[in-house]
Amino acid sequence: MSHNSFGHLFRVTSWGESHGPAIGGVVDGCPPGLSLSEADIQPFLDRRRPGQSKFVTQRQEADQVRILSGVFEGLTTGTPISFIIENTDQRSRDYGDIADTFRPGHADLAYHLKYGVRDYRGGGRSSARETAVRVAAGAIARKVLGGTVRLRGALVQMGPDAIDRGRFDWAQVDQNPFFCPDPVAAERWEALLAETRKSGSSLGALIEVVAEGVPVGLGAPLYGKLDAEIAAALMSINAVKAVEIGDGFASAALNGEENADEMRMGPDGEVEFLSNHAGGILGGIATGQPVVARFAVKPTSSILTPRRSVDRFGQEIEMRTKGRHDPCVGLRAVPVGEAMLACVLADQLLRHRAQNPDAPGRARLPRN
Ligand SMILES: Cc1cc2nc3c(=O)[nH]c(=O)nc-3n(C[C@H](O)[C@H](O)[C@H](O)COP(=O)(O)O)c2cc1C
Ligand SMILES: C=C(O[C@@H]1CC(C(=O)O)=C[C@@H](OP(=O)(O)O)[C@H]1O)C(=O)O
């Protein structure tokens, strides 16, 4: 991960600010000959787009993507794929009040201290507007991964209210505005988030992303371990404060027997795991089990409730933040998390093929 690019062979660069004319990205290293058009990318952007329900920011952006390079007659050419998404609904006057002040919990103070000069409109470069670029890149990464890798995400906790794991149903995720896999929790969250928004406050959340059908062997120990790169990619998303793989923090409380993912031989000569505490990764390498990662986002820092802060002249102030904000950023972070996982897996797939082109990608062992 460097400043505005990540990945090695599948390399994503993003550019743009929230209230500038446009945002966009460049994906370099995408293999040639993959069918790709805007129609492959747009559905993913549509899931992340702001303004879609009363539970997200009311900024209205179409998030229409336009490919500028790297595709000829519907196929990727192996050259940089450049794309642009125009910003059309900036309301920069909302930010006039906070040009000289720093929202507690947002990036304002840190950008000021580091750079001295910043585009404060909409948070500038620090805004999650940029996450649209990640989602577009993720759609291209999914093309590289092909149809055998199934990648999905869900919101599993809003504020203190977690889903019931027994009711986890992927089919529910697109049936409510929360990306919630538990219909009963989704009903509770409707009231919870409406009340939170009305009171001028915000909530944090926990998001789970899962990739099934990941080829065995992805991961580049020691410093390019699959879990390490997934953690870095998810941690780079705005507002993320924690990432875990498999049982994550809960594994600290398990004993060795409970944590052991025991193995048997399946009838087709493939290793079968009896559980998946490891989240599909051992030694930094994919085992073929579902890759499971979770990440926590903090509550939105732009809130209407007055908070104490300081301004750039060193005055102590009290401020409230008006404007259009997500009362819980976790909702729209779901497609962003999926996209970051897709980009890491696509990059690891290309690196794995380069180093070990004959690896079978299966957990097969010889039997006597
Ligand atoms: C999808 C998404 C939407 C977000 N929407 C908002 C928002 O409307 N208002 C806000 O203050 N922060 C929002 N954030 C969080 C800020 O972008 C983030 O807190 C800020 O960049 C500071 O960086 P940090 O929280 O990573 O330290 C959002 C984050 C994500 C992932
Ligand atoms: C624009 C998007 O989300 C924005 C993310 C964001 C922030 O601080 O991160 C603050 C708000 O920006 P604005 O005040 O300009 O409306 C959100 O609307 C988007 O995701 O496309």
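When a ligand or atom number is given, it counts from 1 through the structure's own listing order.
- Around atom 17 (C) of ligand 2, the closest heavy atom drawn from T57, V56, I23 belongs to T57.
- Considering only non-hydrogen protein atoms, atom 5 (N) of ligand 1 sits nearest to D326 OD2, 2.8 Å.
- Taking only non-hydrogen atoms, the option from H19, R121, R332, Q60 nearest to atom 2 (C) of ligand 2 is R332.
- The closest approach between a heavy atom of Q90 and any atom of ligand 2 is not below 4.0 Å.
- Judged by the shortest distance from any of its heavy atoms, R49 lies outside the 4.0 Å radius around the atoms of ligand 2.
- Looking at atom 26 (O) of ligand 1, its nearest protein heavy atom turns out to be A239 N, 2.9 Å.
- Assignment of E61 to the shell around ligand 2 is not supported, since no heavy atom sits closer than 4.0 Å.
- Ligand 2 lies out of reach of R91, whose nearest heavy atom is not under 4.0 Å from it.
- The distance from ligand 1 to the heavy atoms of A107 drops below 4.0 Å at these ligand atoms: 22 (C).
- In this structure, A132 and D63 approach most closely via the heavy-atom pair CB-OD2, 4.2 Å.
- Looking from atom 14 (O) of ligand 2 to the surrounding protein, the closest heavy atom is Y95 OH, 2.4 Å.
- Considering backbone and side-chain N/O of S126, one or more are found under 3.5 Å from N/O of ligand 1.
- For atom 29 (C) of ligand 1, the closest heavy atom belonging to the protein is A128 CB, 3.4 Å.
- Ring geometry, H112 versus F102: the interplanar angle falls from 30° to 60°, so the pair is classed tilted.
- Ring geometry for F178 against W189 counts as perpendicular: the plane angle is over 60°, on a 0 to 90° scale with 30° as the lower cut.
- Counting heavy atoms from C-beta on, the side chains of E338 and V334 come closer than 4.5 Å.
- The distance criterion of under 3.5 Å between nitrogen or oxygen atoms is not met by H325 with respect to ligand 2.
- Among protein heavy atoms, the minimum distance from atom 11 (C) of ligand 2 is reached at R324 O, 3.5 Å.
- When only non-hydrogen protein atoms are considered, atom 20 (C) of ligand 1 lies nearest to H106 CE1, 3.5 Å.
- Looking only at protein heavy atoms, the nearest one to atom 6 (C) of ligand 2 is S127 OG, 3.6 Å.
- Residue N238 has at least one nitrogen or oxygen atom sitting less than 3.5 Å from a nitrogen or oxygen atom of ligand 1, judged on distance alone.
- Applying the side chain to side chain contact (heavy atoms under 4.5 Å, CB included) test between V12 and each of C343, C30, S5 identifies C343 as the sole match.
- Ring planes of W170 and F168: perpendicular class, angle over 60° (limits at 30 and 60°).
- Taking only nitrogen or oxygen atoms, main chain and side chain alike, R59 reaches within less than 3.5 Å of ligand 2.
- A distance-only check finds a donor-acceptor pair linking the side chain of E61 to the backbone of T88 [under 3.5 Å].
- The N/O atoms of D326, backbone and side chain alike, include none that comes under 3.5 Å of an N/O atom in ligand 2.
- At least one heavy atom of P50 lies less than 4.0 angstrom from ligand 2.
- Below 3.5 Å of separation, one finds no N or O of V329 facing any N or O of ligand 1.
- Note: no N/O pair closer than 3.5 Å links D63 and ligand 2 by distance alone.
- Heavy atoms from other residues, nucleotides or ligands lying under 6.0 Å from CD of E187 number 12 at most.
- Here is the list of ligand 1 atoms found below 4.0 Å of a heavy atom in S301: 11 (O).
- Counted within 6.0 Å of CZ on F249, heavy atoms from surrounding residues, nucleotides or ligands total 12 or fewer; the atom is thus considered open.
- The protein non-hydrogen atom at the shortest distance from atom 10 (C) of ligand 1 is T300 CG2, 3.3 Å.
- Taking only nitrogen or oxygen atoms, main chain and side chain alike, H106 reaches within less than 3.5 Å of ligand 2.
- For R264, the CZ atom is loosely surrounded, since the number of other residues' heavy atoms within 6.0 Å does not exceed 12.
- Hydrophobic clustering, with ILVMFWY side chains joined whenever heavy atoms are under 4.5 angstrom apart, groups V209 together with V292.
- Under 4.0 Å from ligand 2, heavy atoms of R129 appear from its side chain as well as its backbone.
- Annotation: atom 27 (O) of ligand 1 to nearest protein heavy atom, K298 NZ, 3.4 Å.
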(request) Mind running side-chain hydrogen bond (donor to acceptor under 3.5 Å, both in side chains) on K298 and S202 for me, showing each step along the way? (result) CA-CA 9 Å; K298 66 190 186 188; S202 63; over 6 Å; no

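- Note: the hydrophobic cluster containing Y111 does not contain Y120 (ILVMFWY, side chain heavy atoms under 4.5 Å, direct or indirect links).
- Atom CZ of R150 has 12 or fewer heavy atoms from other residues, nucleotides or ligands within 6.0 Å.
- Considering backbone and side-chain N/O of T131, none are found under 3.5 Å from N/O of ligand 2.
- Other residues, nucleotides and ligands contribute only 12 or fewer heavy atoms inside 6.0 Å of the CD atom of E86.
- At a 4.0 Å heavy-atom cut-off, ligand 2 touches R48 through the side chain alone.
- Residue-environment remark: CZ (R91) exceeds the threshold of 12 foreign heavy atoms within 6.0 Å.
- A128 counts as a contact of ligand 2, since one of its heavy atoms falls under 4.0 Å from the ligand.
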(message) I'd like to know whether S301 forms a side-chain hydrogen bond (donor to acceptor under 3.5 Å, both in side chains) with R103, so could you lay out the CA-CA distance, the side-chain angles of the two residues, the decisive distance to 0.1 Å, and finally the verdict.
(response) CA-CA 7 Å; S301 50; R103 287 169 288 174; 5.6 Å; no

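- Although no hydrogens or angles enter the test, the distance criterion places a donor-acceptor pair under 3.5 Å between the side chain of T305 and the main chain of G200.
- Ranking protein heavy atoms by distance to atom 7 (C) of ligand 1, first place goes to H325 ND1, 3.6 Å.
- Under the 4.0 angstrom criterion for non-hydrogen atoms, A132 is not in contact with ligand 2.
- Considering both main-chain and side-chain atoms, S302 comes within under 3.5 Å of ligand 1 through a nitrogen or oxygen pair.
- When L203, T300, T57 are each tested for a side chain to side chain contact (heavy atoms under 4.5 Å, CB included) with V329, only one passes: T300.
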